[in-house]
A.B. asks: 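Quick one: structure below, then a few questions.
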Amino acid sequence: MLAERVARAAGTGGSVPVEYCQACGHAPLRKVLSLGYMPPVNQMVPIGAPARQQPWFPTELLYCPQCELVQLGLAVDPVIIFPPEYPYTSGTTKLLRDNFADLYREASATLKLSPQDLVLDIGSNDGTLLANFKNGGHRVLGIEPTDVGRLAAAKGIPTLARYFGPAAASEVKRAHGGARVVTAANCFAHMEDVHAVLAGILDLLAPDGVFISESHYLVGLMDRLQYDTIYHEHLRYYSLTSLAKLLEMHGLEVFHARPIPTHGGSIRVYAARRGAQPVHETVAKMLASEPHGEEMERRLAAFAREVMLSKLRLLALVRELKEGGARICGISAPSRASTLVNYVGLDEGIVEYVCEIAGSLKIGKCMPGTSIPVVEEDRLFADQPDCAIIFSWHIAGELAPKLRAKGYRGKLISPLPVPCEVT
Ligand SMILES: [Zn+2]
């Protein structure tokens, strides 16, 4: 029944509306918010290329009143959103490197891992997470469908170039035996058939095995107005409540959960077969702190209103600057910048260019859905435009002093949660 209700876009070359809850199969889902039509965040055309037609997809957020999962209203074919040349690497961000080192320390202390234990990472990217377990003397294996996996293999981390599902799971189990730990960091909200993924994880986990996931956190997303993290890669926006219900459907019990700082606010959640691990008090505490039912619906409605107001506030600030003759550029082009730029309606007439650090694969291309060029950061210091909007505003506190030290003298603006000057 559930399997029939999963919105499967893989292989369609296009998209499929999500008509039933991705977790519990409930219908109808309630609409929370619409950001309009958006280009895929990786759709970046070379600077100066003639304008051609491009796909844009509706971007709506839906709420399931039965299991409380907040989810995207559309599944887009993974071929479109995760092209083989997918440019994202986790090793380049210090916050992520530190977080994975912390995950290793916490997991090895909590689970008392021994050297022969197998640790498997789903969506292992460039191997940054697994490198910690490998250095700790454990057996490791990564699963990564994009070309980024080759970076991990070059570092000596065995990596299977596959999408994860029941077939990949049984292949791994035959070759390596059961896994003591399966991790999924910043990808468990991305995969479209989450029940097939969980079936694979369950098959692969040793009887005392533990599944550790890290996902962007819905409550933090609402609190800090991070609507810019809503894009087609992110199919689901978990609270601990909705995630625990989803895991329960597969016999997995959450036994530890805590907030972590990555991606502007995420949760790390430990689960094992029911009764296999003592349940820490962190679980009940976090569940009790979350809004439920009608309160959640009120919070979601307030969030939608604030998103709309934040667009108008940013436009008002930008209008004032432009009427004063200011030149405006952008700082950094993370995926989330695409949602902000396209929802607010910033274009090359408003933002002259966006800067990325030398070596970024985005340099030489345009921001998705616009003709705003992405250029090397040097230009900012030579050019000294009047203001710069920090698109990776969630790390503005870390970026601003660096930009000052390198010599930028103009105004630095954080576009969210409330547009303001960063001092
Ligand atoms: Zn549901």
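Residue numbers count from 1 along this sequence. All ligand and atom numbering here is 1-based and tracks the order in the structure.
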A.B. asks: Using a cut-off of 2.8 Å, find all protein N, O or S atoms closer to the Zn ion (ligand 1) than that distance.
C.D. replies: C21 SG, C24 SG, C64 SG, C67 SG
A.B. asks: Thinking salt bridges, do R162 and E144 make one under a 4.0 Å N-O criterion?
C.D. replies: no
A.B. asks: Salt-bridge test for R313 and E306: reply yes if a basic N is under 4.0 Å from a carboxylate O, no otherwise.
C.D. replies: yes
A.B. asks: State plainly whether the residues E253 and R273 are in salt-bridge range, i.e. N to O under 4.0 Å.
C.D. replies: no
A.B. asks: Below 4.0 angstrom, N of the basic side chain to O of the carboxylate: do R30 and E297 qualify?
C.D. replies: yes
A.B. asks: Taking the basic N atoms (NZ, or NE/NH1/NH2) and the acidic carboxylate oxygens, is any pair closer than 4.0 Å for D102 and R268?
C.D. replies: yes
A.B. asks: I'd like to know if R5 and E19 make a salt bridge, using a cut-off of under 4.0 Å between side-chain N and carboxylate O.
C.D. replies: no
